[in-house]
Amino acid sequence: MRISDSFRGKIKQIAAWLSCHSISVALAYAAFYFPMFFYLEHRTVTEYYVIHCGLDDVLPYCPAFVVPYVSWFLLIPGMLLYFLKREPERYYELCWLLFGGMTVSLLFYLVFPNCICLRQPISGGGLCNQIVLLIRMVDTPTNVCPSIHVASTVAVMVEAGRSERLRPCRPVRYGLNLLGVSICLSTVLLDQHSAVDVMCGVALTMILSNIMELWLRRRSLRSRRTQKPVQRVK
């Protein structure tokens with residue numbers, strides 16, 4: 001019992017420290033995510049499972065969609081900082097959806113290596129094509145399903161829809177949704193992902209969102225039960 005009480009005390013201390021240093025949650029996860037991601041990208045794998053569906057053969061290559069694709073790298077940290085400053089509770093919810101989805105994806109890549117064979121040689125110049133070539137140099141066509149790009153984008157869209165501050169502001173909310181849909185489309189229109197990766201990314205975030213919603217409801221119900229009824233003074 002003493003060990004259990006000591007462990008619970010340390011957990012409470014860590015939770016209290018994190019509540020005062022909320023940004024450390026994102027920074028700590030980044031310190032884990034990036035080394036793990038680059039390890040999975042460059043490790044030696046003898047056999048990959050190729051992700052493909054019929055829709056991949058129909059979708060065209062659209063270099064202009066590199067603009068929303070790259071905007072993802074600003075959207076994720078930008079929304080984390082926004083919720084951190086404006087709605088701390090949403091910040092932790094977004095962290096759960098983002099980091100939970102990334103962790104599940106990394107574990108899936110680890111035990112089920114997968115790749116795509118969709119990328120065709122890019123002909124012609126243009127700034128957009130040059131940016132796509134640069135992305136392909138850094139991002140290999142492996143570890144694609146589920147798409148972290150899509151899963152994290154949907155996580156932002158979910159939390160933006162729940163936000164008390166953003167919900168009344170329709171232009172901002174609609175703009176975020178439009179950007180989110182464009183980012184998801186860009187993953188397939190740049191041949192970075194299969195349509196299967198997109199669907200799995202969406203499904204992953206929605207499952208995590210439902211789990212979080214269930215946990216929040218149970219916590220709210222538990223807190224109501226523990227509250228003592230206020231006695232009226234006669």
Side-chain angles (χ1 to χ4, degrees), residues 7-43 68-114 135 138-140 142-163 165-166 176 179-180 183-184 187 192-193 197-198 200-216 219:
F7 179 74
R8 289 179 181 176
K10 289 183 179 180
I11 293 296
K12 289 181 179 180
Q13 290 177 0
I14 293 173
W17 188 87
L18 289 175
S19 64
C20 298
H21 304 82
S22 302
I23 191 63
S24 61
V25 176
L27 295 177
Y29 187 80
F32 157 78
Y33 172 79
F34 287 108
M36 187 64 179
F37 178 80
F38 285 113
Y39 162 72
L40 293 173
E41 282 285 286
H42 301 289
R43 65 173 175 157
Y69 186 88
V70 173
S71 69
W72 178 87
F73 296 96
L74 298 176
L75 175 68
I76 301 303
M79 292 306 295
L80 281 170
L81 289 174
Y82 171 80
F83 284 119
L84 176 65
K85 298 296 183 181
R86 300 292 185 179
E87 298 180 63
E89 291 185 2
R90 299 294 177 197
Y91 166 77
Y92 286 108
E93 292 178 9
L94 182 58
C95 284
W96 158 254
L97 292 180
L98 286 177
F99 305 152
M102 290 176 179
T103 301
V104 171
S105 298
L106 292 177
L107 291 175
F108 192 77
Y109 303 157
L110 183 64
V111 300
F112 189 71
N114 53 76
I135 292 172
V138 179
D139 186 17
T140 68
T142 61
N143 304 319
V144 292
C145 184
S147 169
I148 292 177
H149 228 75
V150 171
S152 54
T153 299
V154 175
V156 168
M157 295 169 68
V158 168
E159 284 306 310
R162 290 173 172 167
S163 170
R165 287 177 174 266
L166 295 178
L176 283 173
L179 177 60
I183 291 174
C184 294
T187 61
Q192 289 291 109
H193 285 277
D197 309 335
V198 174
C200 290
V202 173
L204 174 58
T205 296
M206 298 314 297
I207 291 172
L208 291 174
S209 177
N210 288 330
I211 293 174
M212 181 181 68
E213 190 70 28
L214 179 62
W215 179 79
L216 290 174
R219 188 182 67 171

Minimum heavy-atom distance [X]-[Y], with the two atoms named:
X      : Y      : answer
Cys184 : Val198 : O-CG2, 4.1 Å
Pro35  : Ala30  : CD-O, 3.9 Å
Val25  : Cys95  : CG1-SG, 4.2 Å

Which residues pass the ring pair (Phe, Tyr, Trp, His ring centres under 6.0 Å) test with Trp72, not counting sequence neighbours?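 Testing Trp72 for ring pair (Phe, Tyr, Trp, His ring centres under 6.0 Å), a comparison that skips the adjacent residues, returns His149.
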Can you tell me how far [atom2] of [Y] sits from [atom1] of [X], rounded to the nearest 0.5 angstrom?
X      : Y      : atom1 : atom2 : value
Ile148 : Ile76  : CD1   : CD1   : 11.0 Å
Ser152 : Ile183 : OG    : CD1   : 8.0 Å
Met206 : Ile211 : CE    : CD1   : 11.5 Å
Arg90  : Arg165 : CZ    : CZ    : 12.0 Å
Ser209 : Leu204 : OG    : CG    : 11.0 Å
Leu84  : Tyr92  : CG    : OH    : 7.5 Å

Go through the structure and list residues passing side chain to side chain donor-acceptor pair (under 3.5 Å) with Tyr69, not counting sequence neighbours.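 Expected list: Gln192.
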Partner set under side chain to side chain donor-acceptor pair (under 3.5 Å) for Glu159, not counting sequence neighbours: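 Scan of Glu159 (side chain to side chain donor-acceptor pair (under 3.5 Å), adjacent residues dropped) gives Arg162.
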Given side-chain contact (heavy atoms from CB on, under 4.5 Å), test Cys200 with Phe108 step by step and report yes or no. CA-CA 12 Å; Cys200 290; Phe108 192 77; over 6 Å; no
Student check: side-chain heavy atoms of [X] and [Y] closer than 4.5 Å:
X      : Y      : value
Leu176 : Leu166 : yes
Val158 : Leu94  : no
Asn210 : Leu214 : no

The criterion is side chain to side chain contact (heavy atoms under 4.5 Å, CB included); which residues satisfy it with [X], sequence neighbours excluded?
X      : value
Thr142 : Glu41, Tyr48, Cys115, Thr140
Tyr29  : Phe32, Tyr33, Phe99, Met102, Thr103, Leu106
Arg43  : Tyr39, Leu40, Val45, Leu110, Pro113

Closer than 3.5 angstrom, by distance alone: can the side chain of Thr205 be matched with the main-chain N or O of Ala151 as a donor-acceptor pair?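 Yes.
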Quick check against the 3.5 Å criterion: does Asp197 have a side-chain atom that pairs as donor or acceptor with the backbone of Ser147?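 The answer is no, because no donor-acceptor pair under 3.5 Å joins these two groups.
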Go through the steps to decide whether Tyr109 and Val144 satisfy the test side-chain contact (heavy atoms from CB on, under 4.5 Å), and finish with yes or no. CA-CA 8 Å; Tyr109 303 157; Val144 292; 6.0 Å; no
Apply side-chain contact (heavy atoms from CB on, under 4.5 Å) to residues Leu75 and Leu179 and explain how you reach the verdict. CA-CA 9 Å; Leu75 175 68; Leu179 177 60; 4.2 Å; yes
